[in-house]
Asker: 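Pasting in a structure now, in structure tokens, and then I'll have a few things to ask.
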Amino acid sequence: MPNKLSVLIVEDNEDDANALTAEINAHADKLCFAGTSKSSIAALDYIRNHKPHAVILDLELQGGYGDGLDLLEKLQSTVVCPKPYIIVNTNSPSIITRNAAKRYGADYEFAKWQKGYSPKMVIAQLLRVAPVILGYEEEPPAPLNDQQLEIRMCEFLQDEFNKLGVCVKDVGYNYLVDAVILATKGENNNLGKIIGEKAGISSSGVMHSMQYTIDKTWKNNDINHLQKHYTAPIRKDRYEPTSSEFVFFYKQKLINHLNNY
């Protein structure tokens, strides 16, 4: 909806959820109520599929299902573009827990027990940041379709692999790009089989080609240059990463890139 901030509420306390909903509806010219959920799992699914601009998240879903910290952690390793602005709204007095929420990506925090707290304060914060989150005057930018997202992922990985010095002529180069994209989409098993069926070769052939390309990259490039771009630790018994380690590292890097784009 043009110029309106869509807001999802993840809250197990019905009174709190109703109070926040009422405040959102009171600013219907600027805010759009996306719904409420008592489940962190259902909330993650909604965020992936509907991409609300903002989430008001209760950390302790004792009367619901799941956990707010778990939702924040899963969002960090999930492709959601753009990532929602997250306000943590909690009864927890634990500084450790609240610091963990910030580390997992919470943008702002309200303690329900703090002096003067009210749902109005939470919604006022959303109204303050709404122009920055929306970032447009008339119509919101169209979300990327599957083909555009695929192109963006390929371009990012090709740029990263070229920085590392991976030989673009190696067949393993393309297999590694495909493997990272598949892993980013949630396919963490049978990568060799899936790519092999597409390429018309065996799963073992795919895995061998990927490892050969990685080994060749580490053999032909200065280790200081490699460590500048590939910052994940490598097992002490190896000089170069395994194909699984390599794919996982660039999966996380790609997810971070897409979530911050």
Side-chain angles (χ1 to χ4, degrees), residues 1-135 140 143 186 255 259:
M1 210 177 277
N3 292 327
K4 289 191 180 183
L5 194 80
S6 59
V7 186
L8 173 68
I9 300 170
V10 185
E11 173 63 70
D12 63 332
N13 184 293
E14 190 169 338
D15 290 338
D16 288 347
N18 288 339
L20 289 165
T21 302
E23 285 298 322
I24 291 171
N25 290 333
H27 297 276
D29 58 326
K30 296 180 180 178
L31 303 176
C32 174
F33 174 61
T36 61
S37 177
K38 295 182 179 181
S39 165
S40 63
I41 296 174
L44 178 62
D45 187 58
Y46 184 91
I47 292 167
R48 283 171 170 164
N49 293 317
H50 299 282
K51 299 179 177 60
H53 297 111
V55 177
I56 301 173
L57 174 65
D58 184 19
L59 290 183
E60 298 176 323
L61 301 171
Q62 296 175 353
Y65 187 79
D67 176 81
L69 282 180
D70 183 60
L71 173 58
L72 287 170
E73 187 175 14
K74 282 185 168 62
L75 274 174
Q76 276 199 330
S77 58
T78 301
V79 176
V80 180
C81 189
K83 183 185 174 188
Y85 181 85
I86 299 176
I87 291 181
V88 164
N89 200 32
T90 181
N91 264 320
S92 174
S94 170
I95 294 177
I96 294 175
T97 300
R98 288 153 58 198
N99 284 343
K102 292 178 182 178
R103 188 171 69 249
Y104 288 139
D107 294 287
Y108 206 85
E109 174 210 329
F110 284 100
K112 297 178 184 179
W113 45 262
Q114 74 188 59
K115 185 176 180 180
Y117 168 81
S118 71
K120 287 182 182 293
M121 294 173 62
V122 180
I123 303 309
Q125 172 62 15
L126 283 180
L127 291 171
R128 279 192 291 268
V129 300
V132 179
I133 295 172
L134 294 174
I255 288 173
N259 284 341

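Position 1 is the first residue of the sequence; numbering continues from there.
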Asker: Would you mind listing every salt bridge (charged side-chain N to carboxylate O under 4.0 Å, His left out) that reaches into residues 72-82, with sequence neighbours excluded?
Answerer: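 The answer is Asp70-Lys74.
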Asker: Begin with the C-alpha distance, continue with both residues' side-chain angles, and end with the deciding distance and a verdict on side chain to side chain contact (heavy atoms under 4.5 Å, CB included) for Asn13 and Asp58.
Answerer: CA-CA 9 Å; Asn13 184 293; Asp58 184 19; 5.7 Å; no
Asker: Could you give all pairs that pass the side-chain hydrogen bond (donor to acceptor under 3.5 Å, both in side chains) test and reach residues 79-88, with sequence neighbours left out?
Answerer: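 Counting only pairs at least two positions apart or across chains, the side-chain hydrogen bond (donor to acceptor under 3.5 Å, both in side chains) contacts touching residues 79-88 are Tyr85-Gln125.
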Asker: Nearest 0.5 angstrom please: Leu5 CG to Ile133 CD1, how far?
Answerer: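 Rounded to the nearest 0.5 Å, the CG-CD1 separation comes to 5.0 Å.
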Asker: Taking the side chain from Tyr46 and the backbone from Ser37, do they hold a donor-acceptor pair closer than 3.5 Å?
Answerer: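 No: the side chain of Tyr46 does not pair with the backbone of Ser37.
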Asker: As an exercise, state the distance from CG of Asp12 to OG1 of Thr36, rounded to the nearest 0.5 Å.
Answerer: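 Here the interatomic distance stands at 11.0 Å.
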Asker: Under the side-chain hydrogen bond (donor to acceptor under 3.5 Å, both in side chains) definition, can you give me all pairs with a residue in residues 100-111, not counting sequence neighbours?
Answerer: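 Qualifying pairs, neighbours excluded: Arg98-Glu109.
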Asker: Is the backbone N or O of Asp67 less than 3.5 Å from a side-chain atom of Ser40, with the two atoms forming a donor-acceptor pair by type?
Answerer: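 Side chain of Ser40 to backbone of Asp67, a donor-acceptor pair under 3.5 Å: yes, one is there.
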Asker: Mind checking what makes side-chain hydrogen bond (donor to acceptor under 3.5 Å, both in side chains) contact with Ser94, not counting sequence neighbours?
Answerer: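 So Ser94 forms a side-chain hydrogen bond (donor to acceptor under 3.5 Å, both in side chains) with Thr97.
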Asker: Step by step, work out the side chain to side chain contact (heavy atoms under 4.5 Å, CB included) result for Leu71 and Ile86.
Answerer: CA-CA 11 Å; Leu71 173 58; Ile86 299 176; over 6 Å; no
Asker: Is a side-chain N or O of Lys4 found less than 3.5 angstrom from the main chain of Ala28, in a donor-acceptor match?
Answerer: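 A pair under 3.5 Å: yes.
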Asker: Can you tell me how far the CG atom of Leu8 sits from the CZ atom of Phe33, to the nearest 0.5 Å?
Answerer: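 Nearest 0.5 Å value for the CG-CZ distance: 8.0 Å.
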Asker: Donor-acceptor pairs under 3.5 Å, side chain of residues 19-26 to any protein atom, not counting sequence neighbours: which ones?
Answerer:
{"unit_1": "Thr21", "atom_1": "OG1", "unit_2": "Ala17", "atom_2": "O", "d": "2.7"}
{"unit_1": "Glu23", "atom_1": "OE2", "unit_2": "Lys120", "atom_2": "NZ", "d": "3.3"}
{"unit_1": "Asn25", "atom_1": "ND2", "unit_2": "Thr21", "atom_2": "O", "d": "3.4"}

Asker: Starting at CG of Leu31, measure out to CG of Leu127 and round the result to the nearest 0.5 Å.
Answerer: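 One gets 4.5 Å once the value is rounded to the nearest 0.5 Å.
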Asker: Are any of the side-chain heavy atoms of Ile123 and Ile56 separated by less than 4.5 Å?
Answerer: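 Touching, per the 4.5 Å side-chain cut-off.
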Asker: A side-chain contact here means heavy atoms from C-beta on lying under 4.5 Å apart; do Lys112 and Asp16 qualify?
Answerer: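 Side-chain contact under 4.5 Å: yes.
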Asker: In Å, rounded to the nearest 0.5 Å, how long is the span from CG of Leu59 to CD of Glu11?
Answerer: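 Going from CG on Leu59 over to CD on Glu11, the span is 10.0 Å.
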Asker: For the atom pair CD1 (Ile47) and CG (Leu57), what is the distance rounded to the nearest 0.5 Å?
Answerer: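 Atom-to-atom, Ile47:CD1 and Leu57:CG are 8.0 Å apart.
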Asker: Could you work out, with side-chain hydrogen bond (donor to acceptor under 3.5 Å, both in side chains) as the rule, every residue matching Asn49, not counting sequence neighbours?
Answerer: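 Checked Asn49 against side-chain hydrogen bond (donor to acceptor under 3.5 Å, both in side chains); matches are Asp45.
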Asker: Quick check: closest heavy atoms across Pro52 and Pro84, and the distance to 0.1 Å?
Answerer: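 In terms of heavy atoms, the two residues are closest at O-CB, 3.4 Å.
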Asker: If I compare all heavy atoms of Ala101 with all of Val88, which pair ends up nearest, and what's the gap?
Answerer: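 Of all heavy-atom pairs spanning Ala101 and Val88, the closest is CB-CG2, 4.2 Å.
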